[in-house]
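In what follows, a single structure is set out as structure tokens and then discussed.
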Amino acid sequence: MSDSASAPASLDFIREMIAADVSAQRNDGWVITRFPPEPNGCLHIGHAKSICLNFGLALENAPNARCHLRFDDTNPTKEEVEYVDSIKQDVKWLGFDWGDHLYYASDYFEKLYGFAVNLIKKGLAYVDDQTPEQMRANRGTLTAPGTASPYRERSVEENLDLFARMRAGEFKEGERVLRARIDMASPNMNMRDPAIYRILRAHHHRTGDSWCIYPMYDYAHPLSDALESITHSLCTLEFEHHRPLYEWLIANVDGLPGQPYQREFARLSLTYTVMSKRKLLRLVKDGLVSGWDDPRMPTISGIRRRGYTPAAIRNFCKTIGLTKYPSLTDLGLLEHTVREDLNQHAQRVYAVLRPVKVVLTNYPEDQIEQIELVNNPENEADGKRLVPLSRELYIDADDFMEVPSQGFHRLVPGGEVRLKYAFCIICQEVIKDAAGNITELRCTYDEATRHGAKPVGRPKVKGTIHWVSAAQAMDVEVRLYDKLFSVEQPDEAAGDDGDFTQFMNPHSLEIVTAKIEPSIDSAKPGAHYQFERVGYFFTDPVDSQPGRLVFNRTVQLKDGFVKAK
RNA sequence: UACCUCGUGGUGUAAUGGUAACACAGGAGAUUUUGAUUCUCUCAUUCAAGGUUCGAGUCCUUGCGAGGUAGCCA
């Protein structure tokens, strides 16, 4: 994992701050970060940015550093264990390790309760009997200050009693909340006596029914950080306004083992992608994709199934940088990082996505020869393989044009093209069915143009195409994935009330039956290949069966040839 | 029309008062039995206007623009 263990050449504003803390021996030079997902959905590429940051920081600052995985499970109405498992799997897959430091905010419920009692005793928290509607009305607006709750001046004793009875289950859901007593006139809405505990009659995936009051994120998060001696609490920009509250709690709660501070960075936005959990959930629930792990989804599980590699994603996260500017990153950059990785490591294979039969009329009927192909030109150690060639072959429909466009230098009637690593062929005749569809190309091959031969005085053949031998080729299902949306910014195009699904790309999935060289028989689910001249493909780990492989297109190869109109 | 944060090529980042650098995308070319890869070259005077300074992307002022914030969600 050398790619992400090393700090970038120049430091981003967060790393700069941390480096300064370390050299000032703040926290004895320790750096303790955390990745704190709520288990209410699957992780996506945006979370990968945070994971790479937090776990990356731990690696960069070793040995006096670590990163915790903490589930922020303070809202039992939204959380499920299946998400806990999926999140752990995703973090591991990305190549990170929390060691012994797996935590749950729910593990701190008792301590958090004690801290609330502490605040009440200090006159810094009170039980409010207002309805949610009243609270909202009294909170004021962005331009007008709020007004104090009639319950704001309750005595410590009464508050203590009421809070204990909230816990004991004496009140109905929503009947009372515990509020921090700060400043109803603050220009920061989060400081206008925020609710820190609410009554929720919900079964919690870890604590079961032992609690009926649950702490709010704003309350639980800083205190959980402190309990774990987190030094740097890093989150996204929308929590900027919560920072004063974070600091208020750290300053006012007594007996905290740590003094963390929070800093914020811009979340990741990608073109042609929606990233909000709500929208991703909608795609799943409405069956617009096959699930959270649909290869078109920006989820970690989807991207993994698409065939992206952990190294590619880590490199992507390093490349996008870390700032406070809410930028929009080109999806092409993600594609670039996976091509870069797969180009080095993927084995090459010949596959014909849209087969057209080619008959070599001057090739012996019964002959089968073995052609030696290079497994990976980027790595000689990957060796070579033998692939059969015979009289009847398949080439890709894209590699033949009856009426060639300008600049096309593959196979055309009367024209010559090279079958890669074999020999050149000339198309002598185009056979069509009654409907006018091409059924067969009758060609002749030239023995003098064998691989390695240097025929003198021949014009250089410009085109080189891949091929498979018809009789030995295997049929495989290939899923050609493309971007899920056809506009750069589906969110913006839809507006606040609009339906973003109207901008889905109707061609985001095309399924074809491809002809592929027989060496693929030994392929295992979860393997990366480059189909030469086509793209990178991944054997689908869910739907592939022995002898019946399914390939997902990870990304196309760059194509320098743009068909003339 | 409150408060907070942010404005550097098409995009994402760097430059920590001293030659605006890197990556992606685009363009041009070389190499290539993958129109891939690889390699060259090319593409911005930093939102605007003032100010401080020998010197400003960086500091100050004002303006403009963008994002965020009024859950008993996180």
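As the structure is a computational prediction, the values presented were derived from the model and not from experiment. In the text below, chain A, chain B and the rest are named by the order of the sequence lines, each starting its count at 1.
- Identified under the salt bridge (charged side-chain N to carboxylate O under 4.0 Å, His left out) test for residues 191-202 of chain A, with sequence neighbours left out: R152(A)-D193(A).
- Base contact: T131(A) has a heavy atom under 4.0 Å from a base atom.
- Taking atom CD1 of residue I196(A) and atom P of nucleotide G71(B), one finds them 18 Å apart after rounding to whole Å.
- Residues forming a side-chain contact (heavy atoms from CB on, under 4.5 Å) with A448(A) (at least two apart in sequence, or on another chain): D446(A).
- Contacts of D72(A) with the nucleic acid, taken as non-hydrogen atoms under 4.0 Å apart, involve only primed sugar atoms and P, OP1 or OP2.
- No more than 12 heavy atoms of other residues, nucleotides or ligands lie within 6.0 Å of CD in E492(A), so this atom counts as exposed by the packing criterion.
- Under the ring-ring contact (aromatic ring centres under 6.0 Å, His included) rule, F531(A) has a single partner from Y536(A), F551(A), Y350(A), which is F551(A).
- Rounded to whole Å, atom C1' of A74(B) lies 17 Å from atom CE of M275(A).
- Figure legend: cation-pi geometry between R176(A) and F171(A), with NZ or CZ positioned under 6.0 Å from the six-membered ring centre and within 45° of its axis.
- Remark: P of G67(B) and CD of Q489(A) are 10 Å apart, rounded to the nearest angstrom.
- Heavy-atom distances to RNA chain B give each of E238(A) and P132(A) a nearest nucleotide, and the one nearer the 5′ end belongs to E238(A).
- Within the nucleic acid shown, E133(A) has no heavy atom closer than 4.0 Å to any nucleic acid atom.
- For D396(A), the salt bridge (Lys or Arg N to Asp or Glu O under 4.0 Å) test picks out no residue, with sequence neighbours left out.
- Legend: residues meeting ring pair (Phe, Tyr, Trp, His ring centres under 6.0 Å) with H205(A), ordered by chain and number and at least two apart, are absent.
- As judged by a 4.0 angstrom heavy-atom cut-off over every strand, H336(A) is placed among residues touching the sugar-phosphate backbone only.
- Nucleotide A25(B) holds its C1' atom 12 Å from the OH atom of Y272(A), rounded to whole Å.
- Across all strands, Y197(A) comes closer than 4.0 Å to no nucleic acid atom at all (heavy-atom distances).
- The line from CG of N375(A) to CZ of R385(A) is 5.0 Å long, rounded to the nearest 0.5 Å.
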Tabulate below the donor-acceptor pairs under 3.5 Å that side-chain atoms of residues 417-425 of chain A make, not counting sequence neighbours, or state none.
unit_1	atom_1	unit_2	atom_2	d
R418(A)	NH1	T449(A)	O	3.0
R418(A)	NH2	T449(A)	O	3.4
K420(A)	NZ	E532(A)	OE1	2.5

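- For M17(A) and U16(B), the CE to P distance is 17 Å, given to the nearest whole Å.
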In 5'-to-3' order, the base (B), backbone-only (S) or no-contact (-) status of each nucleotide in nucleotides 8-15 of chain B, using a 4.0 angstrom heavy-atom cut-off, is ---SSSS-

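- The CE atom of M135(A) sits 9 Å away from the P atom of G71(B) (whole-angstrom rounding).
- For K279(A), the salt bridge (Lys or Arg N to Asp or Glu O under 4.0 Å) partners at least two apart in sequence or on another chain are D491(A).
- More than 90° away from 0 lies the glycosidic angle of G10(B), which makes this nucleotide anti.
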Reading nucleotides 27-46 of chain B from 5' to 3' and marking B where a protein heavy atom lies under 4.0 Å of the base, S where only the sugar-phosphate is that close, and - otherwise, the string is ------BBBSS---------

Note, RNA chain B 5' to 3' with Watson-Crick or G-U pairs under 3.5 Å encoded as ( ), [ ], | and . gives .((((((..((((....[..)))).(((((.......)))))....(((((..]....))))))))))).....

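- Rounded to an integer number of Å, the gap from CG of N190(A) to P of A74(B) is 13 Å.
- Going from atom NZ of K324(A) over to atom P of C6(B) covers 5 Å, rounded to whole Å.
- Checking F265(A), Y246(A), Y217(A) one by one against F239(A), the ring-ring contact (aromatic ring centres under 6.0 Å, His included) holds for a single residue, Y217(A).
- Looking at heavy-atom distances under 4.0 Å, T271(A) makes no contact with the nucleic acid at all.
- When each of F163(A), Y108(A), Y214(A), Y219(A) is checked for a ring-ring contact (aromatic ring centres under 6.0 Å, His included) with Y113(A), only F163(A) meets the rule.
- Backbone-only engagement by M216(A) is indicated by non-hydrogen atom pairs under 4.0 Å involving sugar-phosphate atoms exclusively.
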Only pairs under 3.5 Å count here: list side-chain donor-acceptor contacts from residues 266-274 of chain A, not counting sequence neighbours, and write none if there are none.
unit_1	atom_1	unit_2	atom_2	d
R267(A)	NH2	E238(A)	OE2	2.4
T271(A)	OG1	L331(A)	N	2.8
T273(A)	OG1	T271(A)	O	2.9

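- Against RNA chain B, the stretch residues 138-146 of chain A makes heavy-atom approaches under 4.0 Å through R139(A), T141(A), L142(A), T143(A).
- Under a 3.5 Å cut-off, the side chain of H47(A) and the backbone N or O of H44(A) do form a donor-acceptor pair.
- Residues satisfying the side-chain contact (heavy atoms from CB on, under 4.5 Å) test with D107(A), not counting sequence neighbours, are Y104(A), R206(A).
- Here H242(A) lies in heavy-atom contact (under 4.0 Å) with a base.
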